[in-house]
Structure formats: structure tokens, C-alpha cells
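Protein chains get the first letters and strands the later ones, always in sequence-line order, with residue 1 at the start of each.
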Amino acid sequence: GCGDAKAENKEASGAPALQKVRVGGDSAIFSLQFRVAKEQGIFEKNGIDAEISTFSFGIDTLNAVLTDRVDVGEAMDYAALSAISKGDLKVLSLFNSPKATSSKLFARDGISKPEDLVGKKLGVQKGTVNEYIWGKYFETFHIDPKAVTLVPLQSTAEILAAYDRGDIQAAWFGTAFFDKAEKIKGSVALNDQSAINIRTKGFLVAKGSLIKDHPEISAELNKSLAEASQYIIDHPEEAAELAFKELKIPKENALNEIKNQWEFDVRFKQEDYDQLKEIKEWSIANGYIEQDFNLDDKLALDGLKEAFPDKVDIK
Amino acid sequence: MRYVRKGLQMGIVSWLLFLILWQIFAMNSNQDYFPTPVQTFRGAVELIADNSLVTYVFISFKRVLLGWLLGSLLGIPAGLLIGRFKWLRQLVEPYLNFFRFIPALAFITLFILWFGIGEQSKVILIMYATLFIVILNTAAGVVNVEDDKIRSARSLGASERQILIHVIIPAVVPAFFNGVRLAMGNSFMAIVGAEMIAANEGVGYLIWTSRLYSKTDWIFVGLLLLGLMGFTGDQLLRWLGKTSLKRYGIAKETRFGR
Amino acid sequence: MRYVRKGLQMGIVSWLLFLILWQIFAMNSNQDYFPTPVQTFRGAVELIADNSLVTYVFISFKRVLLGWLLGSLLGIPAGLLIGRFKWLRQLVEPYLNFFRFIPALAFITLFILWFGIGEQSKVILIMYATLFIVILNTAAGVVNVEDDKIRSARSLGASERQILIHVIIPAVVPAFFNGVRLAMGNSFMAIVGAEMIAANEGVGYLIWTSRLYSKTDWIFVGLLLLGLMGFTGDQLLRWLGKTSLKRYGIAKETRFGR
Amino acid sequence: MISIRQLGKSFQSGAGKKAVRYQVLKDVDLSINKGEFFILLGPSGCGKSTLLNLIAGFEKQTEGELLVGGEAVDRPGKERAMVFQHPDASLFPWLNVRENIEFGLRMQGMRKGERKAISDRYIELAGLTGHERKFPRELSGGMKQRVQIARVLANEPDILLMDEPLGALDAFTRRVMQEELVRIWSETKKTIIFVTHDIQEAVLLGGRIGIMSIGPDSRVFEIMDNRLEYPRDLTSREFNLIQKKLQGIFQDDLYFHL
Amino acid sequence: MISIRQLGKSFQSGAGKKAVRYQVLKDVDLSINKGEFFILLGPSGCGKSTLLNLIAGFEKQTEGELLVGGEAVDRPGKERAMVFQHPDASLFPWLNVRENIEFGLRMQGMRKGERKAISDRYIELAGLTGHERKFPRELSGGMKQRVQIARVLANEPDILLMDEPLGALDAFTRRVMQEELVRIWSETKKTIIFVTHDIQEAVLLGGRIGIMSIGPDSRVFEIMDNRLEYPRDLTSREFNLIQKKLQGIFQDDLYFHL
Ligand SMILES: Nc1ncnc2c1ncn2[C@@H]1O[C@H](COP(=O)(O)OP(=O)(O)OP(=O)(O)O)[C@@H](O)[C@H]1O
Ligand SMILES: Nc1ncnc2c1ncn2[C@@H]1O[C@H](COP(=O)(O)OP(=O)(O)OP(=O)(O)O)[C@@H](O)[C@H]1O
Ligand SMILES: [Mg+2]
Ligand SMILES: [Mg+2]
């Protein structure tokens, strides 16, 4: 499309040949590293001229990659898999993941153990990793998915509202919502994600052709994100300020999330691979992914390996 | 008879042309994102096979119908009163011209909070989307009733109440018929938003989830269904208007079209 | 003068009443979901402080204006032609009454696909949302031009082209003015959708992101901004109509309201 | 009954810099007694309809005083019924001929049988037999006017304001209506104010004939008494004398320089 | 020029089971030569306007043949100009008096200066001096009609179809317009078909006078030649003779049983 044409022009004219990359980020802290890397000139330093577009969810950024509207996107494992099953996408690294404690399952109306969920209404954000977490949760606690009602809602605000009213009896909330969820009468935190022994992970995904034509981009991107991670850890206040400025995330929420919810770390380990594989299997088994594919074909870890040899360990 | 047949032919011509253009267009695009009529048809068959298509259409139609009906039933008397009483008009008009620009979509969170995640909030959302356009059209109709009609009714001894019932209402029928038809368009706009709320079923839900999973053919099925439902509803409404409201001059309003 | 003053008073009364009702209502609700006017005001101040509020309003308004203008510029001539030529009407009408029920919102994914994630797809989405209502109103206006006017123009020696320019267009001005006003409402419905999916600026985005973090006061700021922008745009349009299109009978159209 | 003193009426045409004021009536002095058959005679455009509208309370004078039954007229009242110069705006298009004529009776709660008896009579009188079930748009110009007259006569108001009611009728129908009017007036002693530009008609009907000067600044500059017995003989010497006298006034050059 | 054979026209009123057909015209035979001043005389509702509409090509006959200049009439043509019975629908409300009168000239591309010279003349003739800048809604009933006549006369069409054009005018204005009509006709030898219900007017103007029977099934049952020299003297013996003869026809009981 027209984006490509523009990219080439810039390439030709710029003397210090910066690589133009169109990046899609979601509108939460998940994409903070991108924003920091851009604002702090980290991308530029690594030879990348990044143009960031914002979408609602990670899955939207991958859809944009699929349709060639951006070159690079981000998504949690579950959404990432559903997208890479559809087109020529490559996973470049795991770059940001929520801590296990960052997401808690709250329940109300006297529910005190997982088994009590049977027959209840539960809030879910469809198409996001939230859907997988529930699936996994049912598996772990031997709850028949047919014995509960999953109520799809669009964003956490709606989930909270429905939960507050008692229209749903349980839902997962992120750190930003712990206070509000706790305040609701009869509401208790049942579990966090450690109970089901998974941690959702955020992956950096790029258009396959981009990596094929410009293999160096992967290393540059990963270096930038790693550097941005360090910056965020060192300067949480500034990063939160940026989150407010760029994304209109309330500053206190941003700070809270930076400190407590996210682990900014660029890597790709065996456990990460295993988890992707497991989710893939699960998605196929549950019909969320129609076409099986070879996961290894979808990985392009050379760039990461080149930048941080010790951060990649995979057979 | 000749007209009926000709009109029919014309309709068929239109749709054939449409299918052909679609096919050509789709064949020249990436079909993952722009399915051809055939692919869309296959998508529809999938959905029909597990019975969800018919259920979805039925459910969405019910919601639209209910919300639209409530909106109209509320909007018509409100519009009549607002059009009739100048002080009320002056009081209420700023709100009307303010709220009509706040789309139903922006209210989703609040509506869940106030009305829950059940049918209620969906129907109310659709009602909200139809309400303003019906009120505005009706009120404008009332304001534009020819003075001479009201004057002669009054000098023929009609009371204010009788003027409302026997002059204003009949004279306004075309205006509110028009409003109600336009409002139906808005209902369909709202159903897509409404079914993003906590819905497990419905055409809006189909489009929404298909979007998340990038099932473009299903998105297309959803779009076509919305169009078809709207088209059918509109034709029904027009037919009703033509037959039962004929003496109020609806024929003229529906003259645009077959 | 007296009327102006009185109207103004009435306007102020309306808004004061509104604020009071809001305050009472909010105080009796959970303020996490329903902030009071004061809380909303504070939220607005936060956003004004870092300049984003003004930028957002500006950006959204620009999008709405552009899309709406394009939609109107496209819709008016299309409506004129469709109204004027019966064969064209018969050919195109099925589409019109089909697509007008497929809401812009449902097209978001496809529009991003076709037109990218930049301004283009947003503006086109808004254009789409305004197009049909403008076409329909204009075409209906054309169809309803009194026969006697066209007949006398023809017997006074006007060519078909002249009839279009000197009779149909002036006679249709009130109808398309009305269409254009209604369409503005639809633009605001579309902007929220457009800015939800791919944008990091604009009032629609503000509402969306505030939802992610349940910042209800900011949601309210967004809602109020939409209302205000719409209200302002509408008043502007009405004023324009009243002053520059007076001789075409717009005054009557805008008679509903001040 | 009706007392008019120093009455004036002006219209503003255009707005802003281009505004022009037209003084239509100026210094009109007139009093009309209960039970009078008063004729307003004057050339086209002199202000006859305007004066009638003022008496009816449809418009507000800009100067002077206008009392009906001792009270200032500020709004239409059911004791004053108007037959408009153009029937199009005042007939109810959703009612057929019979229903239009029965409208006033129905408003007063008269039962169907009674209503039918009365409307039958007026339908015959107005020569509308056989057309009872036609709607106004299906009538000829003269027929519409006859419906309007029949509707008002059937209702027997205290004061009848008639604006060139018989202008559009052929000689025969006209004669029938004139006779009926005289009959009704002599039987019921209603007050009738009858506008015409036909001198013969003026002499045939009127007890007093008010002659208006050419506009602008029109006024009733002479009132002629006409004490001829009813029914009047068009061929009688006295009749022709009065007619000649009136013609003399209008042919006088002086009239054009009043 | 105009040749009418076995012409019939019926209207359907109502639909479905309640439908009634009214046969308005039946077996009308008439031919009118180029340059004739032809009068159509008949009582209200007999079908005069209907016949004129057929000749103008505004409606289609249901039976028989209607040729103008040897060709079947199937649509309005610019050689046939109509002065409508009611001017409201045919005047252009967005043009003022002068602009309305100049409309035809402007369409033919005449320059401003020339146009003004012509319109000035007709404005004076129609007694509209001083009202040039008024818009139709600001005119009296008679003034609107005068604008319509002036507009058509200024345009000098080949065939003038005039439907009771002078009915709403006072005697004086009427006389002026009649004289002007005769003058224009004698100078330019246009064909004029003039509908009236006024016998004196018929005799004053017409070369031949076609008398229509009372509807339904109306036809032109007699054509009277009138060879009097123009300008005609209302008081001459010959004039009165013809007038009497015509009156005789309408007063004859036989007429009502034709
Ligand atoms: N709304 C208006 N604005 C400006 N002028 C007006 C308006 N209404 C009426 N007039 C003017 O007032 C004058 C008198 O009009 P009116 O209708 O009373 O005349 P009339 O005596 O009834 O004439 P006719 O016999 O032709 O009906 C006219 O010159 C007309 O142009
Ligand atoms: N659309 C219609 N539907 C049914 N009947 C109609 C329609 N148009 C006209 N008519 C009937 O045709 C007859 C003749 O009407 P037309 O207007 O030609 O009369 P006219 O001679 O011009 O009378 P007038 O002198 O009152 O204008 C009337 O009886 C009328 O009711
Ligand atoms: Mg008048
Ligand atoms: Mg007629």
C-alpha cells in the first residue's frame, strides 16, 4: 500500500539510513516500551525510524500487521497465536509480560472456592488472553465449561460495572482495578494467575517479509525495547508521565502498573516456547484456531539471539 | 402489473450488478480481507448449518424492533408536546440538540451499570438511538403545520385538545412516519454497539467476534444480514404506511422508491 | 431584543436545571460510575492542564467536519441525480435502502483494511455515515418538488439542465439542509467508533481509553465534549442557513428552536 | 360589536440593511354592529385580507385599537369563523368532502345521524352531491372553495369573516351561494364581514359597504349605506343606482390619488 | 393547430374495494386553429382545468386523441405556457416579483438590461410597481396571480393556456389585464385558450367560445362564434346580444339535463 512507498522514499533520502518501521501498539501500558523507545530516541539510536499507531487491543495491532497497515505489532500469547495462524507473521521475542500477581480473579455472592463458580455468570473479554485464562482455570479446577456462563464484555470498565451490579459473579481484574473490585460488597479475591500456573506473555510480532528483507531490524527492535525497559525501571515517574501524555492513562494507574503489574524484560526462553505451544494446542482443541501450523516456522529469533545471546535458550 | 414487473426487473438488475461488481472487486483484493460473494455464501452456510444464523437474525431483529418501537412510542408524544408548547420547546431544545450528538455507543458502560447486561440495556440503547430523531422530526412537523389549518379548526369550535388530536396529529403523520423510518436506520447503528455489550448472540455480536478473530467472511455475512434486515423492515414499514396511512399523505413520503 | 434576551434566559435556565439534576442524580449514585458535575469539571481541568483536551477537540472536530463535508458534497449531487432520473432511482434505491442499515461501526475493520489506519479511514467512515442520510433527504426533496413549478419552468423555456439548476436545486435547499443537519448527528456517532479502533487522539479515543481504566470522570468529559461540539456545529449551521439561505425558506426549517 | 380605531398594520420585508417596511393599513376607523352584513370592497392588494386577518386575530396590528365585543383581539376565537381566500391550506387533506364539512359539528360532539342530516343539506347547497367521498386534492378549484364555505356555514358561528369566498365560482353556483348566504343571515342575524372586489356582489349582499383606498396606507375612506330590501332585484332601478354610484367612485381619477 | 377527437379522461379515487372511477371528460371533440382566441366556458367542476391540463401535457387522457401541431401530446412543451388557476404552487418562492417575471427571459439568456426593460413594462401593467422586491409569500392573492400572468406574458409563448387567470382580480385591474391580453394577441397572433366562468369576460375576449356541459361526462357541447371587432364595447347592442344568448344557454333547464 501507500505506507510502503513512503517508507522507501525516506530511506532513499535520509543520509544516516534510518530504517522506517511502522509499529502498532495497544492503548495500555503493554505498549509503553514502544513509546519510551520512541520518545527517548532509543529507536533512532538503534537505526529505526518508528512510526507508532495506537489500537484498542493487541489483537488489533496484529490484524493491522496482517493487512499490511503496520509492520510490527504486539499481543499476548493467545491473541498472538490466533493471528500468526492466519498469515505470514513472525514472533521476534517476548518483550513484556504481566506478573503472576497482576491479575486476580474476584468473585462475589458468597463464592469462596473455584468449585462455587459452577452455574454462575463470569465476565470475559473475547478474543483476548482472558478467554484462555478462563479455559485454563476450568481445566485446572475441573470445572465443566458448559456448567458456567461466560458473558462477553468489551472492556474492563464494562466488566466492573456488570460485576458491581451483580450481573456477573466473577471476573479477572488487573492491578488498576483491585481497589474497586475489593470495595464491592461481598467481593473476594479467589486466586491470581499463579493458581493455574500460567503467566500470560506479551510477544513482539512482525510481518514475515519485513524480517526476511531486513533481518537486522529484529535485533534493532529488541535492543531498543530492552533499553526502554531499563529506562522504565529506572525512571518510573517519567514513564508514567509519558503514558499519560501519549495514552491518557491516569498517571497514578500508570505508575501502579509499572511498579506492580508488568515485568519489562526482553527474552525468549524454553518455557516461553512451551507455553506458546501449549496454548496453541489448547486453542486448536477448543476450535479457536482452525488450522494447525508449525510453531517453529513462525519464530524468527535470530535477531534476538544476535542482540542478547544469553536471553535465548531454546532447542 | 407492468410497473410491478418492471420494478422487479430493475431490482434484480441492481442486485446482479452488485454481485458482479463485488466479485470483480473481491478478486482484485486480498481475499482474506475481502471475501468474494461465493466465500461469503459459504460462510453463511457454515452459520446456517449450526442454526446460529437464523437465531441471531431473530434475536437482533427482536431487539431492534423492541427498542425502535419503544423509542417511537416515547418520541412521538414527546415530539407532539415539544412542538406544541413553545415554553417546553425552549426548555427542552438545548438538551435535544446536545444529547442527539452523544452517540449511544459512548454510553455503553453507563447503560450496563444502570440497566444491567440483560436485554434491558440493549433495548434501551436502541431506544436511545431512535428517540431523538423521532422527537425532532415529530416536533418539527408540529411546528410546521399550516397555521390556516389550526386557525380554521379553532374557529370551527375545536378545543385545544381536539386541535391536537384531530388536526395536529393527522397533519404530522407524514413527518413522524419519516422520522420513524430514519430512526430505524439508527437502530441498526445501535444494535451493533448494543451487542458488543455482554451479548452471546445476535448479528452485532457476530460482527464483533468475527472482527476479533479476523473471520472476514463472517463479518460480511453480518453486514449483509444487517442490510437485509433493515431493507425488509423498511419495506414493511413503507407498505404499512402506504396502505393504512394513505389518507394522511404518506404516499407522497414513500414516493421516493417503489 | 426582548426575544433574544428571553431565549437566552431560557437557555440558561435549561442548563442550570440540568446541572442541578445531574448533581442530585450523581450524589445518589455510585460516584465511581457517575461523577458529579464538580468531579467532571476537575477531570476536565486535568486534561486541559496538559493541553490534550483542546487538541482532542480540535482533532475530532476536524475529522467530523471533513467527513461530513465530503459526505454532503458527495451526497447532494448524488441525491439530485437520483431524485431527478427515475431509472437511476430504480437502479440505485435498493442499494440505498440496504446500505443505510449497515452502520459505519460495522465497517471499521474493513475500512482500516481498505484505507489504512491514518486519517483517511476515519474521515471516510464519517463520510459513509453522513452520505446516505444526505442522499435520501435530497432525493426525497427532489421527488417532492411541486409539479407545477417544474411545469411552469419548462413552459417558460427552461431546458432540463436549467430546470435542475434554477428550479430543483433552490426548491430542494430546505430538504438538503435538513439532511445535512441530521447527518451531522450521524457523524458524531461515527467518530466515536472511528477513534476507538485506531487512534491515539480525539474525543472518541478519550472515551475509549478512559473506559479501559474506568476513569468515569473523563468519560463524562468526553460525552459532554461530543454534545458541545455537536451543539456548536448545529447552531453554526443553523445560523448559516438562516442568514445565507433565507430566501429558500430555511427559516421555516429552523423555526423549530431559537 | 366590532370597533376599530386608528388601526394600522405594516410588514417588514427582508432583513438587515435591505429591510423595507410596507405600511399596508393606516388610520382605519370602522365599527360594525352585531347582525350586520358588512361588505369590504377594494382593489386587489389594498389590504382587505390583512384587515380580515386582524379582526380574526390571526395577526396583530402594529398601531391602533381593535375591539370585538368590547375586548381587544389578541387571538383567534371560535365565535369568529373565517372563510379563507385560498382554500388549499385550510381544508383538511386527510378528510373527504363530507368529513371536512362535518368537522365542526363533530368537534361539538354532535352524533353521526344529526351530522349527516346537516352535511347533506350543505353538500347539496354547494353543489357537491356525488363528490362527498372525494378528498380535497381531487377537487376542482371552485369545489374546494365550496367545501370551505359549506363547512363554515354548517357550523353557524357568530361572526362570519369571508374573504372573496365566491370569486372562483361560476355565475350559477355563485348565485345559489349568495342566496343561501342572505337566507342564513336573515334567519340567524349573524354578523358577516364579506370581502369582495365585485361591485354587483357588494350591492347584492351588503347592508353597508366599506370602500377601501388603494394601498399603501390603505384605509376605509367611505362607507355606503344600502337599505334595499332582501332579496334584491339585480335589474331594479335602485340597485343599478347604487351600483353606478360605486362604479363612479372607482372610475374617478381622484380615487387613485386618495 | 390543436385537434381533439373523442377525448375522455377519468380519475380513480380511492384504492382497492372502495375505488370509484369518476369520468370527468367524455367524447370531447374540438379543434382550435393557430392564432385563435378560444374561450372555454363552463360551471365550476365541469372539467375546464382538466381539459387544459391535457392540452398542456401535464396529464394523459384515458381515451381518444389529442394532437397539437399534428403531434400527439405526451409531455409539456415550451411552446405551450400555462397560467395556473392557483398561483401558489407555480411561483418560485425564492425569487422576488421581478425575478419571477424575468425567469423565462433569463432562461433564454437575455441580458440584464434588456430583461429589466421588459419586466418593468409588465410590472407596471400588472400594477405591481413598488412591490418588485416582495417575495410571493408577501403578496396578496390577486397580486400573486398578476405576477403569474406577467411572467407568462413577458415570455411570449406560442400557445397560451390560461385557467381563470383574472378571477381573483378587481374590476379595474381586470379590465387593464383584459385589454393588454387582447393587444398582445392581436399584435402577435398567439393562440390563446382561456378558461373562465364569467360570461361577460368570455364575450369580451373570445373569438370562439366553447361551452362545456356540467360534469360528470362533460364535453364541449356548443361552440359559439363571436366576430365582434376588437376592442369590444361592453355597452354595444351586439355585445349584449351575444351575452344574452350565452346567459340563455346556462339558464335553460335543458342545460342541466344535457
Ligand atoms: N407578510 C407580508 N409581508 C409584506 N407585505 C405583505 C405581507 N402580507 C401582505 N402584504 C402586503 O399587504 C398588502 C395587502 O395585502 P392583502 O392580502 O391584504 O390584499 P387584498 O386586499 O386581500 O388583495 P387581494 O384582493 O388581491 O386578495 C399587499 O401589498 C401585500 O403585498
Ligand atoms: N385527481 C383527481 N381525482 C379525482 N377526481 C378529480 C381529480 N382531479 C379532478 N377531479 C374531478 O374532475 C372534475 C373536474 O375538475 P376540474 O378541476 O377540471 O374542474 P373545473 O372545470 O376547472 O372547475 P373550477 O371552475 O371549479 O376550477 C371535478 O369533479 C373533480 O372532482
Ligand atoms: Mg386578499
Ligand atoms: Mg379549474
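Nearest approach of E:Gln108 to C:Gly157, heavy atoms of both residues: NE2-CA, 4.1 Å. Nearest heavy-atom pair across E:Ala89 and C:Glu146 is CB-OE2, 3.5 Å. In plain terms, the two heavy atoms of C:Leu156 and E:Val152 that are nearest each other are CD2-CA, 4.3 Å.
No side-chain heavy atom of C:Ile169 sits less than 4.5 Å from a side-chain heavy atom of E:Trp94.
For CZ of E:Arg183, the number of neighbouring non-hydrogen atoms (other residues, nucleotides, ligands) closer than 6.0 Å is greater than 12. The 12-atom threshold is not exceeded at NZ of E:Lys34, counting heavy atoms of other residues, nucleotides or ligands nearer than 6.0 Å. The number of heavy atoms from other shown groups lying within 6.0 Å of CZ (E:Arg21) is above 12. Within 6.0 Å of CD in E:Glu187 there are more than 12 heavy atoms belonging to other residues, nucleotides or ligands. Within 6.0 Å of atom CZ in C:Phe18, more than 12 heavy atoms from other residues, nucleotides or ligands are found, so the atom counts as buried in its surroundings.
Under a 3.5 Å cut-off, the side chain of C:Arg151 and the backbone N or O of E:Phe58 do form a donor-acceptor pair.
Counting heavy-atom pairs closer than 4.5 Å to chain C, the top residue among E:Gln148, E:Glu99, E:His86 is E:Glu99. Considering only heavy-atom pairs separated by less than 4.5 Å from chain C, the leading option among E:Met82, E:Arg151, E:Glu79, E:Arg80 is E:Arg151.
The CG atom of C:Asp148 lies 11.0 Å from the CD atom of E:Gln85; values are rounded to the nearest 0.5 Å. Distance check, rounded to the nearest 0.5 Å: CZ of C:Arg154 to CZ of E:Arg75 gives 5.0 Å. C:Ser155 OG to E:Ile159 CD1: the interatomic distance, rounded to the nearest 0.5 Å, is 11.5 Å. Rounding to the nearest 0.5 angstrom, the gap separating the CG atom in E:Asn155 from the OG atom in C:Ser152 is 11.0 Å.
The contact between E:Leu95 and chain C is made by backbone and side chain atoms together, counting heavy-atom distances below 4.5 Å.
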